[in-house]
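Beneath this line is the structure, given in structure tokens, with notes to follow.
This structure is a prediction, so every number in the text was calculated from the model and none was measured. Basis for what follows: all heavy atoms, side chains included, without hydrogens, waters or symmetry-related copies. If you read the sequence from its start, that first residue is 1, and numbering goes on from there.
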Amino acid sequence: MFRGVFVRRGFSRGRRRPTPAAALALAAVAGVLAPAAAAADRDAGYRASGDGLSAVVRYTEYGVPHIVAKDYAGLGFGTGWAQAADQVCVLADGFLTVRGERSRYLGAAGAPDGSLSSARTNLASDLYFRGVREAGTVERLLAAPAPAGPGREVRELMRGWAAGYNAWLKRNKVTDPACAGAGWVRPVTALDVARRHFALAVLAGEGGAVDAVTDARPPGAASVAPADPDRTAKAARALTPAGSTDMGSNAVAFSGATTRTGRGLLLGNPHYPWHGGRRFWQVQQTIPGVLNTSGATLLGGVVVTIGFTEKVAWSHTVATGVPFSLRQLTLDPADPTVYLVDGRPERMTRRTVTVPVKDGAPVTRTQWWTRYGPVVTALGSAPLPWSAAAAYALSDPNTGNLRLPDTGLGFARARSTAGMLAVLRRVQGLPWVNTIAADAAGHTLFTQSQVLPRITDELAERCSTPLGRVVYPASGLAVLDGSRAACSPGSDPDAVQPGVFGPSRMPVLRDAPYAANSNDSAWLANADRPLTGYERVFGTVATERSLRTRGGIEDVSALAARGGLTVADLQRHQFANRATAGTLAAADAAKACPAVLPDAPEACAVLGRWDRTMRTSSRGALLFDRFWRRFAAGTASAGAPVWRVPFSAADPVRTPHTLNTASPAFGKALGDAVAELRAAGIPLDAPLGDHQYVVRGGKRIPVPGGTEALGVWNMTVPVWNAGAGGYTEVRHGTSHVQAVGWNGGRCPVARTLLTYSQSSNPLSPHYRDQTELYAAGRWVTARFCERDILADPHLRVVRVHG
């Protein structure tokens, strides 16, 4: 069996000679791994042969795989195999997307799951991804030498992942009803794996504007109205990653000054979709003497995305930085497909794409590309008209970024938060997230190190079009004059790629007692040490924070001030389920209730007794939730304030406050919420879990948590179905949670939870097991060290090979 020694030592980097302990570990593992090929395949290209590749997959309770291999290709092989075993249908669906073949197998009018782009139909998705494929975009990124392109180890991981996935398909029958017997479940290549990583990189830029790219058409003779600045600014805010309706996160790191052991603590709580291709999947990846990391990766990922090692732990939160910009083009009056730069004409590039369609004729469409990127005719719901005089091009620097997996691999090999910051500065591969980390020496880190267009405030002032002068201050999205070459972003000397900010410009907070983020800007990562001085494209300073941010800062700063913290404190904080909106508004609502609902004293009493939490046992939570949604929407539409005391930058955590019960929206929202629950047959004081639940395997499982509007750390965004008794499914929210610390021993102290469980297959034993833990507020004790893995009574060992 495996010896514990190989997880106790520091891991060597790159191709350095293993330490003696690592050499013993390699000898120990050799007995259960198939022999390697006689000679290494130095240039495997994109083929996905598994010849000579092997790994050992050891499953512990709740189906968590611990993958051990002798090299990176073998580690990728085991990872691809194990992901296929749990998620083959979701993975196959995603590969269908990045190949541009959804219409061929599923019909043009169907809809993707939204995990890899914003496309509303299969046809739009295929037109975009086939265009990427035919342009050779990902191949060029793969061909670029590191650090501009992915490193050798990542290429080997991708090659191995594809081979492992294919080997699983070859040797196993697909049982998941979602794709059993489907002709579109097919082998993949390493290039397919890379394309999936590319799709994630551009998700908040080009990938978020797929319909606008594929729908763009040169104008006809009719005149069109210009873009509306206010509407465009509102759409821009909604389209930025932090404004997304299906992504978000919390994380907090505590320094050794606040903990019982003097070592760091980290709580990571990403909020991601519960269904489809952007789910997390748990894994431990080990190459003895080289790499040992545990955590979770997004489906199709080749390395741990958020996780921990013997020395460090990290998580990510969706950042406020705007990772794309617009160029307003000045067109040739004689030809709307020709634009002018410094008075010289440039013809747009026609990208003509043909998509095969199931039971129909192929569809051919033309996309229009410029030196800046594709022409787009909308920004979300806001039109960007292509007229005879002007058009708009979207510029996304993440189309040159295939470095996300190199970042995760670098984190896995770092020994401290300082080492993690060095990885971020060297690789520069995170497209739309912040990083929060802690280490065993007691250090903390927050940084908004992401790939952002180099839009300085000075550039925006000098080069914004009239539209941009409204949109940029309001949203951080620049609309620059595309007719002047001098309006290009330029380059920072420390940037890996042209046109983006270098690492010296990124907001960074080191060694604060706590460092936290809940999807607001970097400003209040620590309320006592605010970060300022960054450009508007990164986010705002001295502006109102969300209720989730405010409640989170109140709670984590109080924990830090109390001191003596342990992993158990992180666990309690995660499931406190405090509704910040309730803390601020419930008492005012209950006090004003009798005057607006004289015939419903029960409702007023329920609000008064409510414990201000969104626990499954909480009575009154559902009534407040349904009221609060209506009240917030009603005051917004009427232009009335929610609070009587406005926001003050001098007191940003405690303001605004005091509910505006004088608003006409107050009585209407409260009365409508009471009527709605009564019409649905739901008691006003029913426990939340009776009416906020999911059904798995025919079993109803209560779900705790609440929405962004309620300001709940443990976010749950449910689907309302009054006829079925309330919230009957979760769209997105708390996903892979990890609470990690160190106590001076050789193993990290870690508790994890994957709220929606490891497999999407309803026939899997791991389809609902962790969801039931989530309902009960229970955690999984992570088995990182050998002795803990081998001690698991549920241990199951699978040897996989090509």
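Distance alone, capped at 3.5 Å, is enough to place a donor-acceptor pair between the D494 side chain and the S504 backbone. In terms of modelled atom types and a separation under 3.5 Å, the side chain of D492 and the main chain of A495 share no donor-acceptor contact. Within the 3.5 Å criterion, the main-chain N or O of D332 finds no donor-acceptor partner in the side chain of D335. With S118 contributing its side chain and G207 its backbone, the two residues share a donor-acceptor pair below 3.5 Å. With T317 contributing its side chain and P270 its backbone, the two residues share no donor-acceptor pair below 3.5 Å. T330 places no side-chain N or O within donor-acceptor distance of the main-chain N or O of S483, the cut-off being under 3.5 Å. When atom types are taken as modelled, the side chain of D520 and the backbone of S546 share a donor-acceptor pair closer than 3.5 angstrom. Checked by atom type and distance alone, the side chain of Y372 never pairs as donor or acceptor with a backbone atom of S488 at under 3.5 Å.
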Inset, instruction - Would you sort out whether H316 and T435 count as a side-chain hydrogen bond (donor to acceptor under 3.5 Å, both in side chains), showing the intermediate values? - result: CA-CA 5 Å; H316 297 298; T435 300; 3.3 Å; yes
Next item on the list: Go through D406 and R426 one step at a time and tell me if the salt bridge (Lys or Arg N to Asp or Glu O under 4.0 Å) criterion holds.
Entry: CA-CA 10 Å; D406 286 272; R426 182 178 69 253; over 6 Å; no
- Task: Would you please test T549 and N519 for side chain to side chain contact (heavy atoms under 4.5 Å, CB included) and show each step?
- Result: CA-CA 8 Å; T549 292; N519 307 130; over 6 Å; no
Evaluate the criterion side chain to side chain contact (heavy atoms under 4.5 Å, CB included) for residue pair L480 and T465; output intermediate values, then yes/no. CA-CA 6 Å; L480 302 179; T465 66; over 6 Å; no
message = W368 vs R350, test: side chain to side chain contact (heavy atoms under 4.5 Å, CB included). Steps then yes/no.
response = CA-CA 5 Å; W368 300 89; R350 296 169 61 107; 3.3 Å; yes
Derivation and outcome, side chain to side chain contact (heavy atoms under 4.5 Å, CB included), residues V302 and T297 | CA-CA 8 Å; V302 297; T297 183; over 6 Å; no
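For the pair L291 and A412, the tightest heavy-atom approach, listed with the atom from each and the gap, is CD1-CB, 3.4 Å. The two residues L402 and P150 come nearest to each other via the heavy atoms O-CB, 3.9 Å. Closest approach of A512 and S255 over heavy atoms only: O-CB, 3.5 Å. Nearest heavy-atom pair across P507 and Y534 is CG-CD2, 3.8 Å. Summarising the geometry of R196 relative to G277, their closest heavy-atom pair is NH2-O, 3.8 Å, with the distance given to 0.1 Å. Contact detail for I455 and V537: the closest heavy-atom pair is O-CG1, 3.5 Å.
L157 places a side-chain heavy atom less than 4.5 Å from the side chain of V303. When side chains are defined from C-beta on, W386 counts as touching P336, because their heavy atoms get closer than 4.5 Å. Contact of the D481 side chain with the R484 side chain is registered, since non-hydrogen atoms from C-beta on lie closer than 4.5 Å. Counting heavy atoms from C-beta outward, W523 and P652 have side chains that approach closer than 4.5 Å. Residues T444 and T417 form no side-chain contact, since every pair of their non-hydrogen atoms from C-beta on lies 4.5 Å or further apart. Contact annotation: the side chain of Y392 approaches that of L467 to within less than 4.5 Å [non-hydrogen atoms, C-beta and beyond]. Two residues are said to be in side-chain contact when any heavy atoms from C-beta on lie closer than 4.5 Å; V193 and R159 fail this criterion. Between L409 and T407, every side-chain heavy-atom pair lies at or beyond the 4.5 Å cut-off.
Taking CD of Q450 as the start and CG of N401 as the end, the distance is 11.0 Å to the nearest 0.5 Å. Rounding to the nearest 0.5 Å gives a distance of 9.0 Å between CG of L127 and OG1 of T364. Note: R133 CZ to R130 CZ = 5.5 Å, rounded to the nearest 0.5 Å. To the nearest 0.5 angstrom, E206 atom CD is 6.0 Å from F198 atom CZ. L200 contributes atom CG, which lies 8.0 Å from atom CZ of R278 (distance to the nearest 0.5 angstrom). With rounding to the nearest 0.5 Å, the separation of CG in L524 from CZ in R550 is 11.0 Å.
Atom CZ of R120 sits in a sparse spot, with 12 or fewer heavy atoms from other residues, nucleotides or ligands closer than 6.0 Å.
Salt-bridge formation is not detected for the pair R351/E134: no Lys NZ or Arg NE/NH1/NH2 atom is positioned less than 4.0 Å from an Asp or Glu carboxylate oxygen. The pair E461-R536 fails the salt-bridge criterion, with no side-chain N (NZ, NE, NH1 or NH2) lying under 4.0 Å from an Asp/Glu carboxylate O.
A donor atom on one side chain and an acceptor atom on the other are found under 3.5 Å apart for Y339 and E346. For S464 and R462, the side-chain atoms include no donor-acceptor pair closer than 3.5 Å. For T352 and T366, the side-chain atoms include at least one donor-acceptor pair closer than 3.5 Å. Remark: the R454 side chain and the T456 side chain contain no N/O donor-acceptor pair separated by less than 3.5 Å. Counting only N and O atoms by type, the side chains of R545 and S521 include a donor and acceptor under 3.5 Å apart. Between the side chains of Y472 and D457, at least one donor-acceptor pair of N or O atoms lies under 3.5 Å.
Considering N434, T320, N250 as possible partners of N517, the one that fulfils the side-chain hydrogen bond (donor to acceptor under 3.5 Å, both in side chains) test is N434. Under the side-chain contact (heavy atoms from CB on, under 4.5 Å) rule, F446 has a single partner from L531, V508, N526, which is L531. Tested against R403 for a side-chain hydrogen bond (donor to acceptor under 3.5 Å, both in side chains), the candidates Q428, Q497, H197 yield a single pass: Q497. If you run side-chain contact (heavy atoms from CB on, under 4.5 Å) between Q367 and each of V213, V375, V376, only V213 comes through.
Taking the ring centroids of W161 and F95, they lie under the 6.0 Å cut-off.
Taking the six-membered ring where tryptophan is involved, the planes of W314 and F411 are perpendicular, since the angle between them exceeds 60° and thus also 30°. Using the six-membered ring where Trp is involved, F538 and F501 have ring planes that are tilted, between 30° and 60° apart.
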